[in-house]
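What follows is a short report on a single structure.
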Amino acid sequence: MKKLKVGIVGLGMGSCHIEDFRKHPNVEVVALADISEEKLKKVGTEKKVKKLYTRFEEMLEKEDLDIVTIAVPNFLHKPFTIAAFEAGCHVICEKPMAMNAQEAEEMIAVGNKFKKKLMINFSYRFSPEAYAMKKEVDNRILGKIYYARTIWHRRRGFPGFGGWFGQKKLSGGGPLIDLGVHRLDLALWLMGYPEPKWVMGSTYNHLGKKAAEKDGKEYDVEDIAVALIKFKNGATIEIEASCAANIKENEKMETRLLGTKGGMFQKNVNEGYSFELNIYEEHNSCQYDRKLHPPIPDAHNAMYHFADSILNNTLHTARGEEGLIVMKLLDAIYESAKQGRPIEIK
């Protein structure tokens, strides 16, 4: 079997993708691109990648790539993804998929035109706990899921405060589009991506605005976003996301699902990035709790999964079409917050 050649643009989050790709025996990371020469040399030396480019376009021109990872600021996701498609590459794009749903639709259209795969890096689907959750849901352990609450809160966790994350023209939004997007996708994926009907949302910017003014930084996105999403099948999701909230925990992530036969609850442990999973059931009129104990077999990361889908010509998860649904919901939440009323999803 041939080895897929991978190029990665953006060596912030993108540097983490290198080792994830290398876990696959038939994938080779051959080139890196970043506007920072210092970062390029550092990561290239550490990861032993020799072909380094300060211009993404040059990497596409000179390298015969099968896959490109797009891990650049959000406003570049659409143009870089389209450029990679036009160069004959499959694409895995960091979340959020784009700045808005319109951009996401354009990305899908170009991918379809060139018959190339597009995957969004909804990485929280690919944790061992998420794999276990999906298996239980698919086996109907919970029955029909009618409610979910999914959150990601930080006490004070401005990502790159003063940088592009805090500028809506470059990021598209704040913690909702940066953090909440992960928890929203996880809940939607477990629920089978039901068709949304309407959204009611609110956003607030009190803590970040004050801190930005004090430090002379630019910051015009929300500190916190909350929303209620109603689906055409009657189900409901509550979502909360913040990078600055007056809470006890420094980092709090949770996803709860309620079904007609059982419930499921995933949360982070010790305010970190490891998770525990519990399932709550009723048998013979008695209430039972189950707790997951890793390891989980065949819990491959997103890059491994995407490479496999290309090598074997199979469907992959986290497709662009699902990314588009997420973008429509994010757009609607921001619009609802702006107008102060529910927004219908079309």
Legend entry - Donor-acceptor pair, side chain of H90 and main chain of V68, under 3.5 angstrom: no
Legend entry - Close side-chain approach of L76 to L170, heavy-atom, < 4.5 Å: no
Legend entry - Axial cation check for F75 ring with K168, 6.0 Å and 45° limits: no
Legend entry - Single hit among K116, K2, K3 for salt bridge (Lys or Arg N to Asp or Glu O under 4.0 Å) with D66: K2
Inset, instruction - State the OG1-CE distance between T69 and M13, to the nearest 0.5 angstrom. - result: 12.0 Å
Inset, instruction - Would you kindly say whether D185 and Y193 are connected by a side-chain donor-acceptor distance under 3.5 Å? - result: yes
Inset, instruction - Assess the pair F265 and Y280: is the distance between their ring centroids shorter than 6.0 Å? - result: no
Legend entry - Pair Q287, E282: side-chain N/O donor-acceptor within cut-off below 3.5 Å: yes
Legend entry - T54 side-chain N/O to E37 backbone N/O, donor-acceptor pair under 3.5 Å: no
Inset, instruction - Determine, stepwise, if the pair E63 / Y53 fulfils side chain to side chain donor-acceptor pair (under 3.5 Å). - result: CA-CA 11 Å; E63 301 297 330; Y53 298 91; 2.4 Å; yes
Legend entry - Donor + acceptor pair across side chains of E213, Y219 (<3.5 Å): no
Inset, instruction - Please round to the nearest 0.5 Å and tell me the distance separating atom CG of L188 and atom CG of L190. - result: 9.0 Å
Legend entry - Approximate separation, where rounding is to 0.5 Å, of T45 OG1 and K50 NZ: 11.5 Å
Inset, instruction - For the pair H305 and F126, name the ring-plane relationship: parallel under 30°, tilted 30 to 60°, perpendicular over 60°. - result: tilted
Legend entry - Heavy-atom closest pair, residues D223 and G208: OD1-N, 2.9 Å
Inset, instruction - Measure the shortest side-chain to side-chain distance between L32 and L40 over non-hydrogen atoms and say whether it is less than 4.5 angstrom. - result: yes
Legend entry - Side-chain donor or acceptor of N312 paired with backbone N/O of T314 under 3.5 Å: no
Inset, instruction - Mind listing the closest non-hydrogen atom pair of H316 and L118 along with its distance? - result: CE1-O, 3.1 Å
Inset, instruction - Tell me, with the steps shown, if L65 and V6 meet side-chain contact (heavy atoms from CB on, under 4.5 Å). - result: CA-CA 6 Å; L65 302 172; V6 175; over 6 Å; no
Inset, instruction - For E254 and K267, run salt bridge (charged side-chain N to carboxylate O under 4.0 Å, His left out): C-alpha distance rounded to whole Å, both residues' side-chain angles, the deciding distance at 0.1 Å, then the answer. - result: CA-CA 4 Å; E254 296 178 355; K267 69 173 183 178; over 6 Å; no
Legend entry - NZ/NE/NH1/NH2 to OD/OE distance under 4.0 Å, K5 and D64: no
Inset, instruction - Would you indicate whether E38, at its atom CD, is surrounded by more than 12 heavy atoms from other residues, nucleotides or ligands within a distance under 6.0 Å? - result: no
Inset, instruction - Using the rule that two of Ile, Leu, Val, Met, Phe, Trp, Tyr join whenever any of their side-chain heavy atoms come within less than 4.5 Å, decide whether M200 and L184 are in one cluster. - result: no
Legend entry - Stepwise side chain to side chain donor-acceptor pair (under 3.5 Å) test for R125 and T317: CA-CA 9 Å; R125 290 191 193 195; T317 189; 2.4 Å; yes
Inset, instruction - Please check if the side chain of N100 supplies one atom and the backbone of Q102 the other of a donor-acceptor pair under 3.5 Å. - result: yes
Inset, instruction - Report yes if the side chains of L176 and E222 come closer than 4.5 Å at any heavy-atom pair, otherwise no. - result: yes
Inset, instruction - Could you tell me whether R149 and E240 have a side-chain N and a carboxylate O separated by less than 4.0 Å? - result: yes
Inset, instruction - Treat each ILVMFWY residue as a node, draw an edge where side-chain heavy atoms are under 4.5 Å apart, and state whether L142 and Y146 are in one component. - result: no
Legend entry - Side chain proximity check, F80 to V9, heavy atoms < 4.5 angstrom: yes
Legend entry - Shared hydrophobic cluster for Y304 and I296 (ILVMFWY, side-chain gaps under 4.5 Å): no
Inset, instruction - Give a yes or no on whether M133 and Y273 share a hydrophobic cluster (residues Ile, Leu, Val, Met, Phe, Trp, Tyr; joining criterion: side-chain heavy atoms under 4.5 Å apart). - result: no
Legend entry - V30 with L60, same ILVMFWY side-chain cluster at under 4.5 Å: yes
Legend entry - D138 atom CG, over 12 foreign heavy atoms within 6.0 Å: yes
Inset, instruction - Hey, could you give me the CD1/OG distance between I247 and S242, rounded to the nearest 0.5 Å? - result: 5.5 Å
Legend entry - E46 bridged to K42 by N-O distance under 4.0 Å: yes
Inset, instruction - Evaluate the side-chain proximity of F306 to I67: yes if any heavy-atom separation is below 4.5 Å, no if none is. - result: yes
Inset, instruction - Identify the two heavy atoms, one from S336 and one from G201, that lie closest to each other, and give their separation to 0.1 Å. - result: OG-N, 2.9 Å
Legend entry - Any L179 side-chain heavy atom under 4.5 Å of R154 side chain: yes
Inset, instruction - State, yes or no, whether a side-chain contact exists between T260 and I145 at a heavy-atom distance under 4.5 Å. - result: no
Inset, instruction - Give the intermediate values and the outcome of side chain to side chain donor-acceptor pair (under 3.5 Å) for residues N246 and R156. - result: CA-CA 8 Å; N246 291 322; R156 293 293 185 277; 2.9 Å; yes
Legend entry - R290/E281 salt bridge by N-O under 4.0 Å criterion: yes
Inset, instruction - Kindly indicate, with the supporting measurements, whether the criterion side-chain contact (heavy atoms from CB on, under 4.5 Å) is fulfilled by R22 and E28. - result: CA-CA 7 Å; R22 284 175 170 170; E28 182 182 8; over 6 Å; no
Legend entry - Point-to-point distance, once rounded to the nearest 0.5 Å, from CD of E129 to CG of L186: 10.5 Å
Inset, instruction - Decide, yes or no, whether a salt bridge links D178 with K95 under the criterion of side-chain N to carboxylate O below 4.0 Å. - result: yes
Legend entry - Donor-acceptor side-chain pairing of E94 and N121 below 3.5 angstrom: yes
Legend entry - Over all atoms of both residues, closest heavy-atom pair of S171 and N74: O-ND2, 2.8 Å
Inset, instruction - Would you give the length of the straight line joining atom CD of E322 to atom CE of M119, rounded to the nearest 0.5 angstrom? - result: 10.0 Å
Inset, instruction - Please report the C-alpha distance between E251 and W152 in whole Å, then the side-chain angles of each, then the deciding distance to 0.1 Å, and finally whether the side chain to side chain donor-acceptor pair (under 3.5 Å) criterion is met. - result: CA-CA 7 Å; E251 195 102 40; W152 189 337; 2.6 Å; yes
Inset, instruction - Kindly indicate, with the supporting measurements, whether the criterion side-chain contact (heavy atoms from CB on, under 4.5 Å) is fulfilled by V137 and I141. - result: CA-CA 6 Å; V137 168; I141 297 300; over 6 Å; no
Inset, instruction - Using a 4.5 Å cut-off on heavy atoms from C-beta on, say whether the side chain of M303 contacts that of H24. - result: no
Inset, instruction - Could you walk me through whether K252 and E271 pass the salt bridge (charged side-chain N to carboxylate O under 4.0 Å, His left out) test, one step at a time? - result: CA-CA 6 Å; K252 182 175 183 177; E271 304 179 24; over 6 Å; no
Legend entry - Audit row: E106, K78, salt bridge (charged side-chain N to carboxylate O under 4.0 Å, His left out) steps and yes/no: CA-CA 8 Å; E106 293 176 35; K78 186 191 84 167; 2.9 Å; yes
Legend entry - Nearest heavy atoms of A33 and L11, plus distance in Å: O-CG, 4.1 Å
Legend entry - Minimal non-hydrogen separation, M327 against A98, with atom names: CE-O, 3.2 Å
